[in-house]
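This report concerns only the one structure given below.
Nothing here was measured: the structure is a model prediction, and the numbers come from that model. Only heavy atoms go into these numbers, but all of them, side chains included; no hydrogens, no water, no symmetry mates. Below, chains carry the letters A, B, ... as their sequence lines are ordered, and counting in each starts from 1.
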Amino acid sequence: MIDIELLRGDPEKVKKGVADKQFDVSLIDKALQLDKKRRERLQEVENLRANRNKFAKEKNIEEGKRVKAELQKLEPHLEEAEKSFNEVFNQIPNSPLPQVPVGKSDKENVEVRRWGEPRKFDFEPKDHLQLGKNLGILDFETGAKVAGSQFYFWYGDGALLELSLIQFAFEILSKEGFVPVITPDLAKARYYMGTGYLPRGKEAQTYEIKNEDLGLTATAEVTLAGKHADEVIAEDKLPLKYIGYSHCFRQEAGAYGKYSKGLYRVHQFTKAEMFIYCKPEESEAMHEHILAMEEKIYQELALPYRVLEMCTGDLGAMAARKFDIEAWMPTRGEYGEVTSTTNCTDYQARNLNIRLKRKDGKTESLHMLNGTAIATSRTPLAILENYQQADGSVVIPDVLRKWMGKDRMVVGSK
RNA sequence: GGUGAGGUCGCAUAGUCCGGUCUAGUGCGGAGGUCUUGAAAACCUCUGUAGUCAUUUUUGGCUACCGUGGGUUCGAAUCCCACCCUCACCGCCA
């Protein structure tokens, strides 16, 4: 949620952010109106409670009974008013940072830079599904048999590739002060909702567990954000930097289209995710830091990529600023998303009640950021397609060889 | 899964049987002060969070919060119900 003081103090500013994000601007006036109503009811109820407490202290049982009856009538009105307010208020998205390019949709995202040259093939490159099948390392048929469509098995060098990529990311990032964490793959509703992963509706992302207040997490962001919920963190403990490992589960309801085949869009993958809690004044630098780490990873893997900054219309509710890295995907003939890093500023922190305590004792909401290091669906896709050879083998990127124990995946090996 | 103990204002602990004197005591930690050449010690004072109203800053009033959610009562940390979590032991198990 946004800062309510900002809403009351400068509604026009909030409106601009909401409009730039292509959200419904009428939310603002509605929220202000409901806020006013809510506060009126709150005054009524609090005055009655003050009376109740006074009579209780005086042991004035008659008057106490009278006030009690009145309270029983008015308290539901207050509850109702707060519920209506929260419903609208929680729909107001985070404001974009001022330097974010304004645009209506993903078509207006801005390319920031490119790194590396897409490889020129002197043969017809195969897609990762064909390569994986020929090498005997990737099997969607058996995945569909056992778990349904868009599930898969990795075998042999494919399984080793996933493990190597995670090792590689953890090695780089732990050297940079990110604390390695292995997180639960399930979380309570409060946490996946608080981080913005919706279980139902047109774009449901989370799978829910029957008869439990639990869902499969779509990313370790959920658990790493939940980790410090309801905490007050001393200023000198910040920034907290984590590199989390988890399996990620996505319903991908309604997500179909030309890139829905193969590893680009799957229901389960493994991910190494960066997560940072920091002071508001350092969050932009931390965002750059995460992006720099992501670029370092793809440079060391020698995968050509470009960096994209999301325009206001493509930020979603949580983000104040967001960058994606897109790696070159040869059989598509274009770049495809492999990482995403978001500065949520204080929006998530307010949802999860996470605060920072300054040296002078004052508390305020802190800033929270996340970013993909490696997702073991799309990164192996890019490696298979970019590193393939004419004979159907796939060269292993230098930095992964120490964990793979070999320099090439060949047909017939395991 | 079973049995037992427990969850209290940063940390630790008292209070819960017997509801009002708990506007939650004490110790530690933190801030300020006295004393001192300086420091330590001692002593004194202050020290939770959120909301809301009033106020020029300051500040003050009120409300809520003793794991969570309900209930009983004029009044609940305290009584009742349900749930969650922690610890110990038992069972099962990689």
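- Residue contacts for A:Lys59: at a heavy-atom cut-off of 4.0 Å it reaches a base atom on one of the strands shown.
- Using C1' as the reference atom, B:C22 and B:G38 are 44 Å apart when rounded to the nearest Å.
- Across all strands shown, nothing is found opposite B:U36 as a Watson-Crick or G-U wobble partner with both distances under 3.5 Å.
- What separates NZ of A:Lys57 from P of B:U63 is a distance of 8 Å, to the nearest Å.
- Within 4.0 Å of A:Arg350, counting heavy atoms only, lies no atom of the nucleic acid at all.
- Comparing A:Glu79 and A:Gln43 by the nucleotide of RNA chain B whose heavy atom lies nearest to each, the residue mapping closer to the 5' end is A:Gln43.
- Rounded to whole angstrom, the span from the CD atom of A:Glu75 across to the P atom of B:G51 amounts to 20 Å.
- In this structure, B:A31 forms a base pair with B:U45, meeting either the Watson-Crick or the G-U wobble geometry with both donor-acceptor distances under 3.5 Å.
- Scanning all heavy atoms of the two residues, the minimum distance from A:Ile276 to A:His289 falls at CD1-CD2, 4.2 Å.
- If you find the closest nucleotide of RNA chain B to A:Ile61 and to A:Arg39, the one lying nearer the 5' end belongs to A:Arg39.
- Atoms CD (A:Glu5) and P (B:G51) sit 8 Å apart, rounded to a whole Å.
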Handout entry: Trace of the side chain to side chain donor-acceptor pair (under 3.5 Å) decision for A:Glu231 with A:His228
Key = CA-CA 6 Å; A:Glu231 288 184 12; A:His228 292 290; 2.7 Å; yes

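- The residues A:Lys83 and A:Glu80 are annotated as not salt-bridged, no charged nitrogen and carboxylate oxygen being separated by less than 4.0 angstrom.
- Checking B:U63 for Watson-Crick or G-U wobble geometry (two distances, each under 3.5 Å) identifies B:A50 as its partner.
- Across all strands shown, nothing is found opposite B:U72 as a Watson-Crick or G-U wobble partner with both distances under 3.5 Å.
- Relative to the side chain of A:Ala50, the nucleotides B:C74, B:U52, B:C62 differ in distance, and B:C62 lies closest.
- Straight-line distance between the P atoms of B:C9 and B:G15: roughly 15 Å, to the nearest whole Å.
- Distance check on atom P: B:A14 versus B:C74 gives 33 Å, rounded to whole Å.
- Listed nucleotides: B:C74, B:A50, B:A64. Nearest to the side chain of A:Arg355: B:A50.
- When heavy atoms are screened at a 4.0 angstrom cut-off, A:Asn47 is found touching no nucleic acid atom at all.
- Within the 4.0 angstrom heavy-atom criterion, no nucleotide atom of any strand lies near A:Arg66.
- The nucleotide B:G1 finds its pairing partner in B:C90, both defining distances of the Watson-Crick or G-U wobble pair being shorter than 3.5 Å.
- If you take CD1 of A:Ile233 and P of B:C11, they are 14 Å apart, rounded to a whole angstrom.
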Practice task
Could you go through the side chain to side chain donor-acceptor pair (under 3.5 Å) check for A:Tyr305 and A:Gln299 one step at a time?
Solution key: CA-CA 8 Å; A:Tyr305 66 79; A:Gln299 286 174 16; 2.8 Å; yes

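- Residue A:Leu42 places its side chain closer to B:G51 than to any other of B:C74, B:A50, B:G51.
- B:A64 sits 15 Å from B:A24 when the C1' atoms are compared, rounded to a whole Å.
- Comparing the same atom, P, in B:G69 and in B:U78 gives a spacing of 13 Å after rounding to whole Å.
- Rounded to the nearest Å, the gap between the C1' atom of B:U23 and that of B:G75 is 15 Å.
- Taking only side-chain nitrogens and oxygens, A:Arg49 never comes nearer than 4.0 Å to OP1 or OP2 of B:C74.
- Contact annotation for A:Lys68: base contact, defined as any heavy-atom pair under 4.0 Å involving a base atom.
- Nucleotide B:C22 is matched to nothing when pairs are restricted to Watson-Crick or G-U wobble geometry with both distances under 3.5 angstrom.
- Of the listed nucleotides (B:G75, B:G51, B:A64), B:G51 has the atom at the smallest distance from the side chain of A:Glu46.
- Below 30°, between 30° and 60°, or above 60°: for A:Tyr155 and A:Phe153 the angle between ring planes is between 30° and 60°, a tilted geometry.
- In this structure, A:Arg38 and A:Leu78 approach most closely via the heavy-atom pair O-CD1, 3.9 Å.
- Pairing for B:U57 is absent, judged as Watson-Crick or G-U wobble with the two contacts each under 3.5 Å.
- To the nearest whole angstrom, the two C1' atoms, one in B:G48 and one in B:A31, are 15 Å apart.
- Atom C1' of B:G60 sits at a distance of 26 Å from the matching atom of B:C66, rounded to the whole Å.
- Contact annotation for A:Arg41: no contact, since no heavy-atom pair falls under 4.0 Å across all strands.
- Residues A:Cys344 and A:Asn370 form a side-chain contact, since some pair of their non-hydrogen atoms from C-beta on lies under 4.5 Å apart.
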